[in-house]
Asks: 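Would you mind keeping the following structure in view while I ask a few things?
Residue numbers start from 1 in every chain, and the chains themselves are labelled A, B, ... in the order their sequence lines are given, proteins ahead of strands.
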Amino acid sequence: MIHITLPDGSVKQVEKGTTALDVAKSISEGLARNVLAAKVNGQVIDATRPFDADATLQLLTWNDTEGKSTMWHSSAHLMAEALEFFYPGIKLAIGPPIANGFYYDVDFMEYSISEKDLEKIELKMKELAKEKNLFVRQEISKAEAIAYFTEKQDPYKIELLENLEDGNITFYTQGNFTDLCRGPHIPDTGFIKAVKLTAIAGAYWRGDEKNKQLTRIYGVTFPKQAELVEHLEKLEEAKRRDHRKLGKELELFTFSQKVGQGLPLWLPKGAALRERLENFLKRAQRKAGYDQVITPHIGSKELYVTSGHFAKYGADSFQPIGTPYEGEEFMLKPMNCPHHCEIYKSKPRSYKDLPVRFAEFGTVYRYEQSGELHGLTRVRGFTQDDAHIFCTQDQVKDEFKKVIDLVLYIFKTLKFENFKAQISLRDKENPTKYIGSDENWEKAENAIIEAAAEKDLPTVVEYGEAAFYGPKLDFMVQDALGREWQLGTIQVDYNLPERFELEYTGADNQKHRPVMIHRAPFGSMERFVAVLLEHCAGDFPLWLSTEQYAILPISENYNEYAEKLSELLNNYDIRGFVDDRNEKVGKKIRDAEMKKIPFMLVVGEKEAEGNLVSVRQRGAGDLGSMDVESFAEIVRKAIEEELSSNV
RNA sequence: GCCGGUGUAGCUCAGUUGGCCAGAGCAGCUGAUUUGUAAUCAGCUGGUCGGGGGUUCGAAUCCCUCCACCGGCUCCA
């Protein structure tokens with residue numbers, strides 16, 4: 001007899017050879033029907049594997065991330081079985097589970113496949129799922145495995161096998177399909193009740209663009225049809241919130257083929273929104289001791305040779321601009337830091353001056369591959385809310401904390417409640433990858449870790465993710481749909497101060513090298529606006545709305561009164577317009593709602609006579625009628641509340 | 001850049017066994033209506049069918065090529 005310890009601490013005494021599924025059955029049949037896999041001694045394995053010694057056991061169901069990924073992994077096998085049915089002779093590469101489903105990379109040989117084919121594959125998968133075929137695990141020698149795939153003429157599996165150790169190789173078989181696979185898998189295909197193949201795309205073998213491009217089919221499966229429906233609804237919602245769609249509808253930005261791809265054009269309303277965000281940040285930065293600077297959009301090629309960026313990125317950048325006669329070369333600036341370094345150097349600095357903080361909404365241009373461009377989140381020209389802090393090594397931690405405060409203030413004000421900070425540190429195994437002294441790195445990394453801890457940031461630490469010039473802290477926010485985006489960043493840089501020979505005079509009257517911190521709380525205005533748009537689905541907070549109210553006269557007879565009101569509200573610094581079109585008020589309300597205007601002010605005879613406005617708030621409905629001062633007070637209070645989230 | 005898909009009016013979309021002047025709704029304009037909390041009615045304007053080339057008596061529709069966009073891959077100072 002052996003002992004199996006469950007998560008609640010209870011211990012089951014069972015025969016050797018008992019499986020996790022048996023244990024589940026002994027608890028309840030219902031549970032057993034939901035068990036997808038088992039976590040035994042911390043390792044996820046098939047629920048059908050027999051125990052041969054004492055162990056801890058956690059039964060994994062659809063409610064566990066590992067349960068889901070096990071099912072999706074099995075779904076990839078199921079899809080492969082269906083694919084082999086329709087397209088015999090195809091070569092299979094890899095088919096893993098991913099965050100939201102699974103995919104399989106397939107070399108379709110002479111077959112061609114398009115989205116139209118997905119439906120029949122789904123049907124076949126459902127048909128095979130109904131057969132409740134068991135996933136059978138089989139240990140196999142490397143030689144036998146290679147022989148199997150040689151027979152099957154699958155070069156990808158053979159390549160995978162070549163990198164595997166003999167004695168550690170397993171096959172899994174369900175129905176008519178056998179695959180090289182480490183496992184684990186769900187007990188049988190019957191758990192898969194709902195199937196949706198979502199996309200078909202190209203993907204390189206082993207992610208290397210020098211390799212052959214395979215066809216990747218993405219899919220997702222569920223244990224219940226209802227969950228698939230829910231999933232599809234979520235996708236619809238994401239589509240509805242897509243910043244490209246909202247940006248067009250709300251007339252915020254556009255693109256022109258003639259101007260060039262990836263070069264956003266900000267329309268009046270978008271520009272007003274952006275200006276408001278910039279002013280918001282400028283105000284906060286002024287308070288935090290930043291000095292605003294302005295630098296040109298191009299810089300001499302020498303500048304980037306000095307910074308080292310030309311050597312690293314020059315070939316993949318917009319190419320230098322030449323002057324007509326002298327043959328001088330200038331680059332479109334891909335970042336602002338070299339310019340800011342030169343500002344630092346414009347006069348001698350003393351330790352008493354530090355930290356120096358130069359801020360600039362700096363527009364930069366980077367060549368992105370055409371297939372990479374995406375709405376406002378990936379463009380070729382964008383504006384960073386950039387700043388560079390020049391300080392002593394001892395000031396790094398404090399400066400980090402101040403920047404973290406700034407970022408938190410922004411997140412709080414704009415209601416990004418779910419976020420995390422990723423701390424990217426060195427890969428210590430690979431010291432030659434980094435510049436700067438070990439001692440300074442150690443200090444900087446600790447400073448970041450401590451700063452994050454003291455600010456109670458939810459953090460994940462990634463080793464080996466640091467830039468070659470210094471460690472960094474990136475903020476990832478979740479939008480309303482739980483999708484993750486990288487926004488703000490804070491980076492320590494030992495490289496540029498060295499290359500630009502920056503110095504300050506210390507208390508010891510000796511020259512010292514300052515540390516540089518790059519930081520951008522929004523990241524870029526383009527990306528931030530995109531994420532904000534999706535986060536709030538276009539319903540901007542009042543203080544950010546370009547049009548805070550629309551005055552809707554009942555008929556043309558009240559247009560004059562409406563104009564008078566509008567002037568009055570202008571005196572209160574409340575922005576809006578009069579909808580004096582010859583339309584019924586219902587139509588005007590509808591249009592104002594579609595334009596996401598926070599307040600609609602209906603005026604007719606009653607209001608004109610009593611010097612009142614009838615206020616209707618987006619989302620909240622009719623607030624009744626009141627005088628202008630009361631309305632202005634409502635607006636003032638609402639904005640104060642929105643902006644008061646001091647950290 | 002690569003693989004796959006898409007491209008018809010300002011917007012959303014019909015229109016492919018190749019065939020009469022290419023359609024609708026919304027937006028816009030004109031007129032009527034003078035309106036009370038999510039679409040008043042009527043008329044009108046508007047299209048090199050993404051660009052170029054080809055096949056054909058005839059091309060939005062078939063072929064070639066280029067461009068842009070969408071979904072991925074690779075990349076991201």
Asks: Write down the distance separating the C1' atoms in B:rC44 and B:rU6, rounded off to the nearest Å.
Replies: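 Each nucleotide's C1' atom is 33 Å from the other's.
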Asks: Provide, to the nearest angstrom, the distance between the CZ atom belonging to A:Arg380 and the C1' atom belonging to B:rG1.
Replies: 10 Å
Asks: Considering every strand and a 4.0 Å limit on heavy-atom distances, what is the contact class for A:Ala203: base, sugar-phosphate, or nothing?
Replies: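 Since only primed, P, OP1 and OP2 atoms lie under 4.0 Å of A:Ala203, the category is sugar-phosphate.
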Asks: Of all the nucleotides listed (B:rA77, B:rA38, B:rC70), which has the minimum atom distance to the side chain of A:Arg244?
Replies: B:rC70
Asks: Quick one: A:Glu368 CD to B:rC2 C1', roughly how many Å, whole number?
Replies: 16 Å
Asks: Please confirm whether any donor atom in the side chain of A:Arg378 sits under 3.5 Å from an acceptor in the base of B:rC75, or the reverse.
Replies: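 Such a pair exists between side chain and base.
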Asks: When you measure only distances, ignoring hydrogens and angles, does the side chain of A:Glu593 come within 3.5 Å of the base of B:rA38 through a donor and an acceptor?
Replies: yes
Asks: To the nearest angstrom, how far is A:Glu583 atom CD from B:rA42 atom P?
Replies: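 My rounded result for the distance is 13 Å.
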Asks: Once you round it to whole Å, what is the distance between P of B:rG1 and CG of A:Asp208?
Replies: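 Taking atom P of B:rG1 as the reference, CG of A:Asp208 is at 19 Å.
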Asks: Donor-acceptor pair under 3.5 Å: do we get one between A:Arg616's side chain and the base of B:rA38?
Replies: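 Yes.
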Asks: Any side-chain N or O of A:His374 below 4.0 angstrom from OP1/OP2 of B:rC69?
Replies: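 Negative; the distance criterion is not met.
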Asks: Looking at A:His73 versus A:Phe102, is the centre-to-centre ring distance below 6.0 Å?
Replies: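 No - the distance between ring centres of A:His73 and A:Phe102 does not fall below the 6.0 Å cut-off.
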Asks: Please determine, for the side chain of A:Glu607, which listed nucleotide (B:rC67, B:rG36, B:rA38) has the closest atom?
Replies: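 For the A:Glu607 side chain, the nearest candidate turns out to be B:rG36.
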Asks: Is the distance from OP1 or OP2 of B:rC3 to the nearest side-chain N or O of A:Thr215 less than 4.0 Å?
Replies: no
Asks: Classify the nucleic acid contact of A:Gly207 as base, sugar-phosphate or nothing, counting any heavy atom under 4.0 Å across all strands shown.
Replies: sugar-phosphate
Asks: For the side chain of A:Gln213 and the base of B:rC2, is some donor closer than 3.5 Å to an acceptor across the two?
Replies: yes
Asks: Kindly check if the number of other-residue, nucleotide or ligand heavy atoms within 6.0 Å of CD (A:Gln486) is above 12?
Replies: yes
Asks: For B:rC57, what is the paired nucleotide under Watson-Crick or G-U wobble rules, both distances under 3.5 Å?
Replies: B:rG19
Asks: Using a cut-off of less than 4.0 Å, is there contact between a side-chain N or O of A:Lys210 and OP1 or OP2 of B:rC2?
Replies: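 Result: no.
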Asks: Using the P atom on both, measure B:rU16 against B:rA60 and round to a whole Å.
Replies: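 Result for the P pair: 14 Å, nearest Å.
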Asks: Quickly work out the A:Met331 CE to B:rA77 P distance and round it to whole Å.
Replies: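 Interatomic distance, CE of A:Met331 to P of B:rA77: 16 Å.
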Asks: Out of the candidates A:Arg240, A:Lys245, A:Arg244, A:Lys239, only one should pair with A:Asp242 under the salt bridge (Lys or Arg N to Asp or Glu O under 4.0 Å) rule; please name it.
Replies: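 Passing option: A:Arg244.
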Asks: Would you kindly give the CD1-to-C1' distance between A:Ile554 and B:rU34, to the nearest whole Å?
Replies: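 Atom-to-atom, A:Ile554 to B:rU34, this comes out as 10 Å.
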Asks: Taking atom C1' in both B:rC21 and B:rC64, compute the distance separating them and give it to the nearest angstrom.
Replies: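 Looking at atom C1' only, B:rC21 and B:rC64 are 30 Å apart.
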Asks: Rounded to the nearest angstrom, tell me the gap between atom CZ in A:Phe310 and atom P in B:rA77.
Replies: 18 Å
Asks: What's the gap between B:rG18 and B:rU61 when it is taken at their P atoms, as a whole Å value?
Replies: 11 Å
Asks: Of the listed nucleotides (B:rA77, B:rG72, B:rG36), which one gets closest to any side-chain atom of A:Glu605?
Replies: B:rG36
Asks: Tell me which nucleotide, if any, is Watson-Crick or G-U wobble paired with B:rG43 when both distances must be under 3.5 Å.
Replies: B:rC29
Asks: Between B:rA27 and A:Lys587, is there an OP1 or OP2 to side-chain N/O distance shorter than 4.0 Å?
Replies: yes
Asks: Is there a side-chain polar atom (N or O) of A:Gln369 under 4.0 Å from OP1 or OP2 of B:rC76?
Replies: no
Asks: Expressed in whole Å, how much space separates the P atoms belonging to B:rA22 and B:rC13?
Replies: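 To the nearest whole Å, 23 Å.
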Asks: Considering only NZ, NE, NH1 and NH2 on the basic side and carboxylate oxygens on the acidic side, decide whether A:Lys269 and A:Glu547 come within less than 4.0 Å.
Replies: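 So A:Lys269 pairs with A:Glu547 through a salt bridge.
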Asks: Measure the acute angle between the ring planes of A:His518 and A:Tyr469, then classify it against the limits of 30° and 60° as parallel, tilted or perpendicular.
Replies: tilted
Asks: Go through the N and O atoms of the side chain of A:Tyr204 and the base of B:rG72, and report whether any donor-acceptor pair is under 3.5 Å.
Replies: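 In this structure, the two groups form no donor-acceptor pair.
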Asks: Which base sits across from B:rU37 as a Watson-Crick or G-U pair, both distances under 3.5 Å?
Replies: none
Asks: Verify whether the ring centers belonging to A:Phe528 and A:Phe522 lie closer than 6.0 Å.
Replies: yes
Asks: For nucleotides B:rC67 and B:rU48, find the distance between their C1' atoms and express it as a whole number of Å.
Replies: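 So the two C1' atoms sit 16 Å from each other.
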Asks: Between P on B:rU37 and NZ on A:Lys595, what's the gap in Å once rounded to a whole number?
Replies: 21 Å
Asks: Do A:Asp154 and A:Lys91 sit within salt-bridge range, that is, some charged N less than 4.0 Å from a carboxylate O?
Replies: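 Salt bridge: no.
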Asks: Under a 3.5 Å limit for both distances, which nucleotide forms a Watson-Crick or G-U wobble pair with B:rA24, could you say?
Replies: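 When the pairing criteria are applied, B:rU12 turns out to be the nucleotide that pairs with B:rA24.
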Asks: Does B:rG72 have A:Tyr218 stacked on its base, where the ring centres are within less than 5.5 Å and the planes differ by under 30°?
Replies: no
